[in-house]
Amino acid sequence: MSKRIVVAIDGPAGAGKSTIARRIAEKLGFLYIDTGAMYRAVALWALRNGSQMEDTAQLEQLALAAEISLAGGVVMLNGEDVTAAIRTPEVSAAASKVAAISGVRRALVEKQRAYSQTTSVVMEGRDIGTVVFPNALVKVFLDASATERARRRGTETGEEIAAVARQIEERDARDMTRAASPLMQAPDAVYVDSSGKSVDDVEEAILKLVRSRASNGKEVTR
Ligand code: DC
């Protein structure tokens, strides 16, 4: 039986999802999809547009109209390269706000499902194993201690660690307590704590999991 495979990686900010998901996708020859970049792209458009975060109808329209492509690690929004522009602290905060709007989520989830129509994917986000692909072959909930997550994000962006810790805490609280698809571990997801582990070790643990369930890019029939 040949089937397209979905590897779903969810978890809080700074747990290492992007690094790990990108590397696993490369190893497996699957498409890597960073769904956080999609929420960030919509947030960037909303900020530039002067949209109010309370105007949920307008934000939903932006999410529906947004043409987002993620090929080769370059994030394009309506034909413009926004790869760097979506990584500012302002966009991070706004992304977590637009991500709480159910209409925005509906629009982006549809785009996310469309990406997997033709190819196997490694998709990372907050609701991939719970909402986007509840039948994903492999589900991982990637976590790390709060201190380690703040340290990693701070090193990435060059910001002061204490300030990063505060921003992450605020964003995680919003992502976990919102009504629409909050961040949570799917009951059938494998919990992986990346604190104190090397990228190689985490990558190997997840690849092992994929190999145990799929062979030669095809789902293993059991
Ligand atoms: O992974 P990230 O930090 O780039 O995500 C940006 C924001 O988008 C984050 O606050 C959570 C939200 N998000 C979400 O709600 N659902 C997803 N599938 C991915 C990201």
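All ligand and atom numbering here is 1-based and tracks the order in the structure.
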When only distance counts, is Arg126 in polar contact with ligand 1, meaning an N/O pair under 3.5 Å? yes

Looking only at side chains, do Arg152 and Ser194 share a donor and an acceptor under 3.5 Å apart? yes

Taking a cutoff of less than 4.0 Å between a non-hydrogen atom of the residue and any ligand atom, is Arg174 in contact with ligand 1? no

Would Arg105 count as a polar contact of ligand 1, with the cut-off being nitrogen or oxygen pairs under 3.5 Å? yes

Considering only heavy atoms from C-beta outward, does the side chain of Met184 approach that of Phe141 to under 4.5 Å? no

Given side chains that start at C-beta, do those of Leu62 and Asn49 come closer than 4.5 Å, heavy atoms only? yes

Answer with side chain, backbone, both or neither: which part of Gln112 has a heavy atom less than 4.0 angstrom from an atom of ligand 1? neither

Just to verify, which of Ile9, Asp193, Thr19 counts as forming a side-chain contact (heavy atoms from CB on, under 4.5 Å) with Leu142? Ile9

Excluding sequence neighbours, so at least two apart, what forms side chain to side chain donor-acceptor pair (under 3.5 Å) with Lys17? none

Protein residue, atom and distance nearest to atom 20 (C) of ligand 1, heavy-atom basis: Gly36 CA, 3.5 Å

Look at atom 11 (C) of ligand 1 and say which protein heavy atom is nearest, naming residue and atom and giving the distance to 0.1 Å. Asp175 OD2, 3.3 Å

Should Glu124 be counted as touching ligand 1, given the test is an N or O pair under 3.5 Å? no

Once rounded to the nearest 0.5 Å, what's the spacing between atom CG of Asp10 and atom NZ of Lys139? 9.0 Å

Min N/O separation Asp34 to ligand 1 under 3.5 Å: no

Note the single closest protein heavy atom to atom 4 (O) of ligand 1, along with its residue, its atom name and the distance in Å. Arg40 NE, 2.6 Å

Would you confirm whether Arg213, through its side chain, and Leu137, through its main-chain N or O, come within 3.5 Å as a donor-acceptor pair? yes

Checking the N or O distance criterion of under 3.5 Å, is ligand 1 in contact with Tyr39? no

Side-chain donor or acceptor of Arg4 paired with backbone N/O of Gln117 under 3.5 Å: yes

Among protein heavy atoms, which lies nearest atom 19 (C) of ligand 1, and at what distance? Thr35 OG1, 3.3 Å

Just which atoms of ligand 1 are under 4.0 Å from any heavy atom in Arg171? 3 (O), 6 (C), 7 (C), 9 (C), 10 (O)

In terms of atom number and element, which parts of ligand 1 are under 4.0 angstrom from non-hydrogen atoms of Ser96? 10 (O)

Do the side-chain N and O atoms of Glu148 and Ser195 include a donor-acceptor pair separated by under 3.5 angstrom? no

For Ala99, atoms of ligand 1 separated by under 4.0 Å from a heavy atom: 12 (C), 15 (O)

